[in-house]
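Notes follow the structure.
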Amino acid sequence: MCRRGLINLEKVYNPKLVENRIYEFWENGGFFKANANSGKTPYTILMPPPNITGNLHMGHALDNTLQDIIARYKRMQGFEVLWLPGTDHAAIATEAKITAQMREEGVSKKDIGREAFMKRAYAWKEKYGGNICYQIKKLGSSCDWSRQRFTMDSDYSASVREFFVRLHKKNLIYRGKRIVNWCTKCLTSISDTEVEFEEECGRLWYIKYYFKDETEFITVATTRPETIFGDLALAINPDDSRCKKIIGKTVVVPICNREIKIIADINVEKDFGTGVLKVTPAHDCNDFEIGRRHDLEETFLVIDEKGFLNEKCGKYSGLERFEARKIVVNDLKSLNLIVKEEKIEHRVGSCYRCNSIIEPFVSEQWFVKMGSLAQSATEIVKSGKIKFVPERFSKVHLSWMENIKDWCISRQLWWGHRIPAWHCEECGGITISSDDEPEKCETCGCKKILQDEDSLDTWFSSALWPFSTLGWPDEKSEDLVYFYPTDTLVTGYDIIFFWVSRMIFSSLEVMKKEPFKQVLIHGLVRDSEGRKMSKSLGNGVDPVEIIEKYGADALRFALVSGITPGNDTRFSSEKLEGSRNFVNKLWNAARFIKMNVSYASPLHSSGVSADCLRNSLWSRWIVDRVNDLSKEVCENMEKFDLGLALHKIYSFFWGEFCDWYLEIFKIEINDEKKRENCKMVIHWVFGQILRLLHPFVPFVTEKIWGIFFDGVLAISNYSKFDANLEDKNSKSEAHGVISVISAIRTKCAEMRIRQDQKINVFILPETQNYELFKENLEIIRVLSRVKSVSFSSECQNSEVIVTDFAKIYLKTEEIFDKKEIKEHLETEGLHIEKQIKKNKILFENPEFLSKAPPKVVEKIKTLIFNLEEKQKKINKEIENFKIGG
RNA sequence: GGGAGCGUAGCUCAGCCGGUUAGAGCGCUUGCCUUACAAGCAGGAGGUCACAGGUUCGAGUCCUGUCGUUCCCACCA
């Protein structure tokens, strides 16, 4: 890496020439490697492992950027920072991708078998997992690659098995036939969180069920007539007035002519449809519950795993479920069994991976008992040991935990952790073991045992991320002891249930300690029109493409500026351009400083001496300002108000440092007495700016740092408030001069005075400000772009401006229109009068005086005083015009 | 049905504990190629802070309600 010696810095910053080399420099230097023996206070962040399904998207870019900002900030503050990266095998998502790919090739899972499939999946992991890491590096992420983990690493897998075994021992895992959400395309069960519900326009058919041997019928409303083959009862609410009359009676299921009973159950809404529900326990969650209460056959399946009607459906068997619906409805109609048909808005669940409609389906699955786990996860958040930022997201976690049902953790997939359960062919007993291959059946001791075919929910393994990545189940592992509990988890609100909540209860279960102290929740990255970025809309943006075009720093800047924790953000090319411009501005400031302040050898940017500040207001001012800024920025950073912190640095750097200090520096550098001190100050202040900005835009700042200073910025100290550098007077003095310059500029623009009109300015300062202005006459002249500035008490036929610090007269060779000047003054006077009035009203109210804090009263008093002073001056000028005629 | 967010300039959004004349970026507009930067510099226009009440000496900020909007949760089949 070219550390310095940039004699000719390019006019336009080119991130392409910088970023890759800087990252290599950091990585080779091992600056991001965490050390469990450093003796420093640890600060741990675990990267939410991206799925190996494909490429990183903008959401990842935001998530990673936020983490990197925090990691770099904490590292610069002297913490031993561990930011542990990794990837997730993403069982169902990856398997869906691979099978889709295979389908195109015309092969199926069955064709190639489990072993070959796993081989293929690992190859996929190598390819895409590697690509993801490449992308994370491109973003500038300062994570410790030596500790990189994958959720299917062999020791990680061992920890998953161990966890399973422990839960099983505590009776928190059970196996049983239950109704689950079944995806007929992925051919697996999925958990409740993995079902996405959407409001859809469907139909409600009113179907006649005749009483046995009677001509009377009862009408039942259903959205799923194709499931009548699975009807095992009709149910009615016990409070329904018809209930007594019909309860226990037998009705005949249409078409299949099976006889079923009418039962009473409180889960039937009296007011929905006809108030009578057909109960299909094997294909509806609600009906399953009712079935259990009334001893109905739970496993009476009529639809198979692929979504086709089975042999129980007579001539309809073999029909796809939605096809069957149409045919059944038609047949019912022709049998005159449909009373009416109406449109209905209802919620339909679909698979979060493949989007096909979920079939509630009874099958044998493994479950985690949630009761006690959920309770501990609730308590820890209520106790405040885990804090959500913003706080409101703790509610999301809590309300989910408080209403949770048991968690279905088995999946009929191959890609993932195979369930560590072995079935005995001899005795049918189940052996649960954390061994890779247990030798014999625990029950009968024979060796004929076969591993369960199912694998585990991907979230079952990612729930262990906080401790498995640090060495668990080895409880004495150095990393685990030192880095656990971790400090901050950064993630989007969309995976609170999926992951955050599950990490909390899993960690409490095995570690007996919270997995992290804070959870920083961020929102979604949307497109410029506020739409969610998605493949189907084609509005997704590839972070790497953006980096190629604008640079990683600009991307990071665009993602972070203007965000507030928990809120969504929009991403647009306009924002990106603004961000790139900022980076370029920074680069050019460096270029300017390099051109004017060249030291033979790079400096240690240790501090500024009081000596440096002695003879320049502007040095005192800028040092005080950057000192203030450091304080505010650190306060914001601690609260994770990263967008706000960045905004403050931005406006200081651009609006104060560049616009004022650098411009003034150009003038002061000509003063031999000030020159050296100025150089030292600019050097130091710029160093502080680089420190403050580094977590946000690490590449360009590191690059520039190398031009001016020794050492590595990434591991330098963050800028920090220093009470010794406070200088309150500098602020008002600088403001006094700046306000005069601004006033002249505004007036000139207003009056369309062109620069070539050579105007002369005379100022009359307040006596106490005389020295201040005397010192700064040249600065005022140059920055206001006027011909001359001098002191004078009065000046006929001149435009007059009154500021808090001075009266200013503008004079050109041309004579101003007196009337116009007077009018300007009068408008100004009117404006001031209005303000005075508004503030004086406060004092007419006795309650204001008695109740408002003295500080505020005092503040407003001086405000009024100042305004009145100004008003007097203006009136005097107006008076002059009258006398003058 | 329950819960949450948002509503501030043409657009995207800041605005901490209530306290002078409500801010930024972009866009628009006027004038500038002023030796770091035209990806720039110096000006300017543009706001009933969704609406209605309330608390308060004082409300964009706190409370209640209304409207609009977005999202999350929930077994009306």
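Here is how names work: the chains are called A, B, and so on, in the same order as the sequence lines, proteins then strands, and each is numbered from 1. Below, each value reflects all heavy atoms present in this structure, side chains not excepted, and no hydrogens, waters or symmetry copies.
Looking at heavy-atom distances under 4.0 Å, A:Asp568 makes no contact with the nucleic acid at all. At a threshold of 4.0 angstrom between heavy atoms, the contacts of A:Lys395 are confined to the sugar-phosphate backbone, with no base atom among them. A:Thr746 comes within 4.0 angstrom of the backbone, heavy atoms only, and of no base. Note on A:Phe197: nothing from the nucleic acid sits closer than 4.0 angstrom, heavy atoms only. Using a 4.0 Å heavy-atom criterion, one finds that A:Lys834 contacts no nucleic acid atom at all. The residue A:Val12 sits close to a base: some heavy atom pair falls under 4.0 Å. Nucleic acid contact class of A:Trp205 (heavy atoms, under 4.0 Å, all strands): none. Heavy atoms of A:Cys748 sit nowhere under 4.0 angstrom from any nucleic acid atom. Contact annotation for A:Val268: base contact, defined as any heavy-atom pair under 4.0 Å involving a base atom. A:Arg745 comes within contact range of the sugar-phosphate backbone alone, with a heavy-atom separation under 4.0 Å but no base atom that close. Looking at heavy-atom distances under 4.0 Å, A:Phe497 makes contact with sugar-phosphate atoms alone, never a base. Among the heavy atoms of the strands, none lies under 4.0 Å from A:Ile860. A:Arg347 comes within contact range of at least one nucleobase, with a heavy-atom separation under 4.0 Å. Across all strands, A:Pro853 comes closer than 4.0 Å to base atoms (heavy-atom distances).
Taking only side-chain atoms of A:Lys585, from C-beta outward, the nucleotide of B:rA36, B:rA77, B:rU21 with the closest atom is B:rA36. Listed nucleotides: B:rA4, B:rA36, B:rA77. Nearest to the side chain of A:Arg591: B:rA36. Set against B:rC76, B:rA36, B:rC75, the side chain of A:Phe272 has B:rC76 as its closest nucleotide. Taking every side-chain heavy atom of A:Gln835 into account, B:rU21 is the closest of B:rU12, B:rU70, B:rU21. In the set B:rC16, B:rC57, B:rA14, B:rC16 carries the atom at the smallest distance from any side-chain atom of A:Lys639. Among B:rA77, B:rU20, B:rC57, the nucleotide with an atom closest to any side-chain atom of A:Ala852 is B:rC57. With B:rA39, B:rC6, B:rC37 as the candidates, the nucleotide lying closest to the side chain of A:Glu663 is B:rC37. Comparing B:rA39, B:rA36, B:rG43 by their closest approach to the side chain of A:Phe592 singles out B:rA36. Which of B:rC75, B:rC57, B:rA36 sits closest to the side chain of A:Glu847 comes down to B:rC57.
Here the C1' atom of nucleotide B:rC37 and the CG atom of A:Asn584 are 6 Å apart, to the nearest Å. Remark: P of B:rC41 and CG of A:Leu662 are 11 Å apart, rounded to the nearest angstrom. What separates CZ of A:Phe571 from C1' of B:rU12 is a distance of 13 Å, to the nearest Å. As a whole-Å value, the separation of A:Asn636 CG from B:rC17 P is 12 Å. Nucleotide B:rG3 holds its C1' atom 17 Å from the CH2 atom of A:Trp400, rounded to whole Å. Atom CZ in A:Phe843 sits about 13 Å away from atom P in B:rU20, given to the nearest Å. Counting to the nearest Å, the C1' atom of B:rG2 and the CG atom of A:Leu398 are 15 Å from each other. Straight-line distance from the CD atom of A:Glu289 to the C1' atom of B:rA77: 15 Å, rounded to whole Å.
Only A:Gly562, A:Thr564, listed by number, bring a heavy atom of residues 552-564 of chain A to less than 4.0 angstrom from any atom of RNA chain B.
Closest-nucleotide positions on RNA chain B for A:Lys532 and A:Lys870 were compared, and the one nearer the 5' end corresponds to A:Lys870.
Cation-pi geometry between A:Arg580 and A:Tyr550 is not met at under 6.0 angstrom from the ring centre and within 45 degrees of the axis. At least one test fails for A:Lys648 against the ring of A:Phe653: distance under 6.0 Å to the centre or angle within 45° of the axis. For the pair A:Arg325 and A:Trp205, the cation-pi criterion (under 6.0 Å, within 45° of the ring axis) is not fulfilled.
The pairing partner recorded for B:rA50 is B:rU66, the criterion being a Watson-Crick or G-U wobble arrangement whose two distances lie under 3.5 angstrom.
Ring planes of A:Trp654 and A:Tyr650: tilted class, angle from 30 to 60°. The aromatic rings of A:Phe848 and A:Phe843 sit perpendicular, their planes meeting at an angle over 60°, well past the 30° parallel limit. Note: A:Phe592 and A:Phe665 have perpendicular aromatic rings, judged against thresholds of 30 and 60 degrees for the angle between ring planes.
Separation of the P atoms belonging to B:rC51 and B:rG68 is 15 Å when rounded to the nearest angstrom. Across B:rC26 and B:rG18, the matching C1' atoms stand 31 Å from one another, rounded to whole Å. Rounded to whole Å, the separation between the C1' atoms of B:rU66 and B:rC11 comes to 28 Å. B:rG23 and B:rG2: their P atoms are spaced 41 Å apart (whole Å). When the P atom is compared between B:rG53 and B:rU12, the two are found 29 Å apart, to the nearest whole Å. Between the P atoms of B:rC72 and B:rU64, the separation comes to 25 Å (whole Å). Comparing the P positions of B:rG44 and B:rA52 gives a spacing of 32 Å, expressed to the nearest Å. Between the P atoms of B:rC57 and B:rU48, the separation comes to 29 Å (whole Å).
The ring of A:Phe498 has its center closer than 6.0 angstrom to the ring center of A:Tyr352.
In the interface, the side chain of A:Arg392 is not paired with the base of B:rA4 through any donor and acceptor atom under 3.5 Å apart. For B:rC75, its base sits under 3.5 Å from the side chain of A:Asn286 at one donor and acceptor pair at least. Side chain A:Lys11 to base B:rC37: no donor-acceptor pair is found below 3.5 Å.
Annotated as syn: B:rC17, whose O4'-C1'-N torsion sits within 90° of 0.
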Given A:Asp231 and A:Tyr209, is the side chain to side chain donor-acceptor pair (under 3.5 Å) satisfied, shown in steps?
CA-CA 11 Å; A:Asp231 286 356; A:Tyr209 281 62; 2.5 Å; yes
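The backbone N or O of A:Leu555 lies less than 3.5 Å from no partner atom in the side chain of A:Ser579, so there is not a single donor-acceptor pair. For A:Asp240 (side chain) and A:Ile236 (main-chain N/O), no donor-acceptor pair under 3.5 Å exists by modelled atom type.
Around CD of A:Glu198, the count of heavy atoms belonging to other residues, nucleotides or ligands within 6.0 Å does not exceed 12.
A donor-acceptor pair shorter than 3.5 Å cannot be found between the side chains of A:Tyr493 and A:Asn567.
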